[in-house]
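Letters A, B, ... are given to chains in the order of the sequence lines, protein chains preceding strands, and every chain is numbered from 1.
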Amino acid sequence: MPEGHTIRRLARDHKRLFGGAPVAASSPQGRFAAGAALLDGQTLTRTDAHGKHLFHGFGDAGRTPARWLHVHLGLYGKFQLGEVPEPAPVGQVRLRLVGAGHYADLRGPIACEVLTPADKAALHARLGADPLRSDADPDAVWQRISRSRTTIGQLLMDQAVIAGVGNVYRAEVLFRHGLDPHRPGRDLDRAQWDAVWTDLVGLLRAGVRAGRIVTTRPEDRDRRSGTPSREDATYVYRRAGMPCRVCGTPVRTEPMATRNLYWCPTCQL
DNA sequence: GCTAAATGTTGAT
DNA sequence: TCAACCTTTAGCT
C-alpha cells in the first residue's frame, strides 16, 4: 500500500524487469493514450523514487533520459505485475507496460503523465527529504520542524517537509518515540528529532525489504513468532479503542488534517 | 449485492 | 475547510 516504501520498491522492481530494452506502452482504458504513444517502443534506462512519486526514465542508453513517466498512486492506485504473454486487460487499466518477460498494469493512479527533465526537477524541488534517498538532508527538515508551531503530526504528513511518510508511518513512528502528535514541532529537541529520523530511515528500509509496513517489535506482538499478521504489524494505526500493546490504555483516534490520527494518550506525551 | 472506508493529493471556497 | 477524484476491499445485509 502506497507510502514511500511501496514506491521505492516499485522503482527497483521495474528497473530490474523492464530496464535496458524497448518497452511496449499502451493505455487500454484510453485515458493515457497520448502519453503511452510517446513512450511506446522506447527503452527504460532509469527509475527513480522521491517520496510517493515514481519516475521511469526513457531514452538512449548511457544518456540522461529525455522523457520521464511520472506516476503517483494516490490512495488507491496499484501496479499489477505478471509474466508474458500478457492477458487481455481487465478493468480500468490506465497504463500497460510490456517488456521482454513481464508486463505491468497500472490502475487508479492520481497522476500518470509524461514529464520533461525540467518538469521532473521542479517536482523534486517541491518535495522534502525522503528518508530512503541518499541525498536526503535531515538538517533541513529539522530547521523546518524546530521553527514551526504546526503539530508534529501534521508536519510528518507534509510532503514538502518529509517525503514518503504517510498516515501509517506517522502514527507508528510517533508512538515508537513516545511523542504526542499534537505537540508543536518547535517543542521537540534535536535529539528527539534525530532519533525519529533515524528510525524512519530504518522503518522505511524494512518496508521496502518486506513489501509491507511492520513497525512492532516482536516482544510487543500478540503472537511473538512467525510473520506478523496485519493486526500485529502496528502499534496504534487502525487500532482505535483497542488496548495499547505496551500499557493497555485504549488507543485513541481523531481527525487531524483530514486524516485519521491514532495514538496512545498514556505512552505519548 | 450494497455501502463505507482506505496507505493521498488537488483545487475551489 | 470541503468536495472531488481514482479503485479495491472489508463488512454488512
Side-chain angles (χ1 to χ4, degrees), chain A residues 1-11 27-33 35-36 49-55 69-82 89-96 104-113 115 119 122-128 130-132 150-151 153-176 181 200 203-216 228-242 251 253-263:
Chain A
M1 320 299 183
E3 293 194 20
H5 68 297
T6 305
I7 310 308
R8 169 57 60 98
R9 192 178 165 96
L10 286 170
S27 180
Q29 172 202 54
R31 283 188 51 181
F32 187 56
H50 189 161
K52 300 164 191 169
H53 298 258
L54 175 65
F55 304 91
L69 170 68
H70 168 227
V71 172
H72 193 299
L73 294 177
L75 201 50
Y76 330 109
K78 210 169 243 178
F79 270 105
Q80 180 188 43
L81 290 172
V90 176
Q92 298 292 306
V93 178
R94 183 81 56 90
L95 168 67
R96 167 171 278 185
D105 282 349
L106 172 63
R107 293 183 177 83
I110 199 166
C112 176
E113 58 186 351
L115 300 182
D119 295 333
L123 221 163
H124 286 296
R126 73 172 172 80
L127 290 173
D130 179 344
L132 288 172
T150 305
T151 64
Q154 291 187 67
L155 287 165
L156 283 177
M157 292 284 281
D158 185 344
Q159 300 299 300
V161 178
I162 305 183
V165 172
N167 207 19
V168 182
Y169 282 122
R170 157 175 81 170
E172 295 297 304
V173 80
L174 289 174
F175 177 87
R176 286 168 58 97
L200 282 172
L203 287 172
L204 281 154
R205 281 183 185 164
V208 174
R209 225 175 299 124
R212 59 192 289 238
I213 300 176
V214 176
T215 60
T216 47
S229 65
R230 198 167 113 159
E231 164 55 29
D232 256 352
T234 55
Y235 282 103
V236 288
Y237 177 72
R238 290 250 254 174
R239 295 192 71 243
M242 299 169 72
V251 172
T253 185
E254 77 182 16
M256 177 185 268
T258 77
R259 309 300 301 282
N260 294 323
L261 172 70
Y262 303 88
W263 82 103

[atom1] of [X] versus [atom2] of [N]: gap in Å, rounded?
X	N	atom1	atom2	result
A/Leu261	B/dT7	CG	C1'	15 Å
A/Asp158	B/dT9	CG	P	10 Å
A/Arg170	B/dG8	CZ	C1'	12 Å
A/Met256	C/dT1	CE	P	12 Å
A/Arg259	C/dA3	CZ	C1'	15 Å
A/Leu127	B/dG8	CG	P	14 Å
A/Glu3	B/dT7	CD	C1'	5 Å
A/Leu106	C/dT8	CG	C1'	14 Å

With rounding to whole Å, what would you report as the distance between [N] and [M] at their [atom1] atoms?
N	M	atom1	answer
B/dT7	C/dT1	C1'	23 Å
B/dT13	C/dC5	P	14 Å
C/dC6	B/dG1	C1'	22 Å
C/dT13	B/dA5	P	15 Å

Donor-acceptor under 3.5 Å (A/Asn167 side chain, A/Asn260 main chain):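 Checking the backbone N and O of A/Asn260 against the side chain of A/Asn167, a donor-acceptor pair under 3.5 Å is found.
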
Donor-acceptor under 3.5 Å (A/Lys52 side chain, A/Val165 main chain):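 Pair found, side chain donor or acceptor close to backbone of A/Val165.
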
Side-chain heavy-atom pair A/Arg31, A/Pro109 within 4.5 angstrom cut-off: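 A side-chain contact is absent here, since even the closest heavy-atom pair is not under 4.5 Å.
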
Non-hydrogen side-chain atoms of A/Ile162 and A/Leu156 separated by less than 4.5 Å: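 Side-chain contact under 4.5 Å: yes.
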
Whether A/Phe175 and A/Tyr235 hold their rings parallel, tilted or perpendicular, with breakpoints at 30° and 60°: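 Ring orientation, 0 to 90° scale: parallel.
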
A/Phe55 and A/His124 aromatic ring geometry - parallel, tilted or perpendicular at 30°/60° bounds: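 Tilted: the ring planes of A/His124 and A/Phe55 meet at 30° to 60°.
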
Does [X] place a side-chain N or O at less than 4.0 Å from the phosphate oxygens OP1/OP2 of [N]?
X	N	value
A/Asn167	B/dG8	no
A/Arg107	C/dC6	no
A/Gln29	C/dT7	yes

Measure from the side-chain heavy atoms of [X] and tell me the nearest of [options].
X	options	value
A/Tyr237	B/dT9, B/dT7, C/dT7	B/dT7
A/Arg238	C/dC6, B/dG8, B/dA5	B/dA5
A/Leu75	B/dT7, C/dT8, C/dT7	B/dT7
A/Lys78	B/dA6, B/dG8, C/dT9	C/dT9
A/Gln159	B/dA6, C/dT8, B/dT9	B/dT9

Residue whose closest nucleotide on DNA chain C lies nearer the 5' end, A/Thr258 versus A/Pro109: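 The 5'-side residue here is A/Thr258.
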
Please tabulate, one pair per line, each protein N/O and nucleotide N/O from nucleotides 10-13 of chain B that are separated by under 3.5 Å, including the distance.
{"from": "B/dT10", "atom 1": "OP1", "to": "A/Arg126", "atom 2": "NH2", "distance (Å)": "3.2"}

Side chain to side chain donor-acceptor pair (under 3.5 Å) partners for A/Arg94, two or more places apart: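 With neighbours one apart ignored, the set is A/Gln29.
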
Nearest atoms (heavy-atom pairs only) where A/Arg259 meets A/Arg170: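 Heavy-atom minimum between the residues: CB-NH2, 3.8 Å.
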
Touch class at under 4.0 angstrom, heavy-atom based, for A/Arg31 against every strand present: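 If one applies the 4.0 Å heavy-atom cut-off, A/Arg31 turns out to touch the sugar-phosphate alone, with no base involved.
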
